[in-house]
There are 2 protein chains.
Amino acid sequence: MHSFETTIGRLRSEGFKLTPQRLSVIRYLIGNKTHPTAAVIYGDLKKKYPSLSFSTVYNTLNMLEKISEVQSLHLFDDFLNYDPDISSHYHFVCRSCDSIIDIFPREGENVSLPEGDISGNRIESAQVVFKGMCKSCL
Amino acid sequence: MHSFETTIGRLRSEGFKLTPQRLSVIRYLIGNKTHPTAAVIYGDLKKKYPSLSFSTVYNTLNMLEKISEVQSLHLFDDFLNYDPDISSHYHFVCRSCDSIIDIFPREGENVSLPEGDISGNRIESAQVVFKGMCKSCL
DNA sequence: ACGGTATCGAGAATTATTATTGACTTGATA
DNA sequence: TATCAAGTCAATAATAATTCTCGATACCGT
């Protein structure tokens, strides 16, 4: 996500109302380096905002995804993870402990993917998911 | 998937029983160049085998995935697609018509991904999904 | 402060996939 | 070919993440 001010500004200009519930979700995500599920966000925020509902969490996440402030990740079978880091990076999932680790291209020796068109199809984005065993589990 | 004979042989040696229902799913998948969902497979086979059940389709697909004869793909929100092509390749999904197009590395100008370890994490496989607009929709 | 409108929370609905269960097949053995 | 134990079948119920519904409420421009 962008900074709090920038994100708020974008939402305002898109016509979204900035309710306390939405702001709490946004504050939760900004600077968050994990990849929380809707359930985790709800669980954590519920402590501080007991009246928060699941619908509002999902509603806010979908709204943020629509304006590309978060990205949803299909890493597991039964639920989505949300990534507040919108910089270009990939993900590594450990098949043993299920941890999710960010992979930034510069760390890899040779990560390059096609851009532009392939066989006439226009590529606009790429999602890369590595699976294997993480450092701790090895 | 491998050839019919090879696949059958693998299942037999793994101790799976080769029932007509399973064979029908396997025959449906072999040589299939699309990425059918369980529902599509069930719908198509139901015509010829009216007694086939959804459970059997899922059961067979999970079995085939376990022995790496098919790969499940999380391309959309609500369901899985199954890919009988187990050669190394990536996928392109059109955001307009939802079509799925196979991308083989040799077609792209510069597809290379890290292998082995990254920051101490052992990569065993990589899934790449491109999104954009397909040729027909452009 | 007022009123129209968007959003809230609570719970019901949706739906792909998985689990359960009793009857039936399969395939190995003789 | 007949028998039998174990695995599999089909039907249906269960599961669970996400979305939808709707009356009540809060926000914002005037």
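Not measured: the values here are computed from a predicted model. Numbers restart at 1 for each chain; the letters A, B, ... are given by sequence-line order, proteins then strands.
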What is the distance, to the nearest angstrom, from the CD1 atom on A:Ile41 to the C1' atom on D:dA17?
14 Å
Quick one about A:Thr34 and A:Asn32 (side-chain donor to acceptor, distance below 3.5 Å, no hydrogens or angles considered), yes or no?
yes
Parallel, tilted or perpendicular: which fits the ring planes of A:His35 and A:His89, with parallel below 30° and perpendicular above 60°?
tilted
When rounded to whole Å, the NZ to C1' distance for the pair A:Lys46 and C:dC8 reads 12 Å
Between D:dC27 (P) and A:Leu18 (CG): distance, integer Å:
11 Å
For the pair made of CG in B:Leu61 and C1' in C:dT18, what is the distance, rounded to whole Å?
13 Å
Specify the separation, in whole Å, of atom OH of A:Tyr58 and atom P of C:dA13.
19 Å
Heavy-atom count around A:Arg10 CZ within 6.0 Å, excluding the residue itself: above 12?
yes
For D:dA10, take OP1 and OP2 only and decide whether either is under 4.0 Å from a side-chain N or O of B:Gln21.
yes
When you check the phosphate oxygens OP1 and OP2 of C:dG9, does a side-chain N or O of A:Thr56 lie under 4.0 Å from one of them?
yes
Decide yes or no on side chain to side chain donor-acceptor pair (under 3.5 Å) for A:His74 and A:Asn81, but give the supporting numbers first.
CA-CA 7 Å; A:His74 278 93; A:Asn81 292 85; over 6 Å; no
How long is the line joining CZ of A:Phe54 and C1' of D:dA17, in whole Å?
9 Å
Taking only heavy atoms on the protein side, list every residue of residues 64-84 of chain B lying under 4.0 Å from any atom of DNA chain C, sorted numerically.
B:Asp78, B:Phe79, B:Leu80
Quickly work out the B:Ile26 CD1 to D:dT8 C1' distance and round it to whole Å.
14 Å
Nearest to the side chain of A:Ser55, heavy atoms from C-beta on, is which of D:dT19, D:dC20, C:dT18?
D:dC20
Nearest to the side chain of A:Pro20, which nucleotide is it out of C:dA10, D:dA11, D:dC27?
D:dC27
B:Thr19 vs D:dT8: side-chain N/O to OP1/OP2 distance below 4.0 Å
no
Main chain of A:Leu52, side chain of A:Lys46: is a donor-acceptor contact present, judged purely on distance under 3.5 Å?
yes
Of the nucleotides C:dT26, C:dT17, C:dT7, which one has an atom closest to the side chain of A:Arg22?
C:dT7
Spell out, yes or no, whether B:Tyr82 and B:Ile30 are grouped together once hydrophobic residues are joined by side-chain heavy atoms under 4.5 Å, including indirect joins.
yes
B:Lys17 side-chain proximity, nearest of D:dC9, D:dC27, D:dT8
D:dT8
At less than 4.0 Å, is any side-chain N or O atom of A:Asn59 found next to OP1 or OP2 of C:dC8? Yes or no.
yes
Report yes or no: do B:Thr56 and B:Gln21 form a side-chain donor-acceptor pair below 3.5 Å?
no
Please state whether the phosphate of D:dT19, meaning OP1 or OP2, lies under 4.0 angstrom from any side-chain nitrogen or oxygen of A:Asn62.
yes
Value in whole Å for how far the C1' atom of C:dT25 lies from CG of B:Leu23:
13 Å
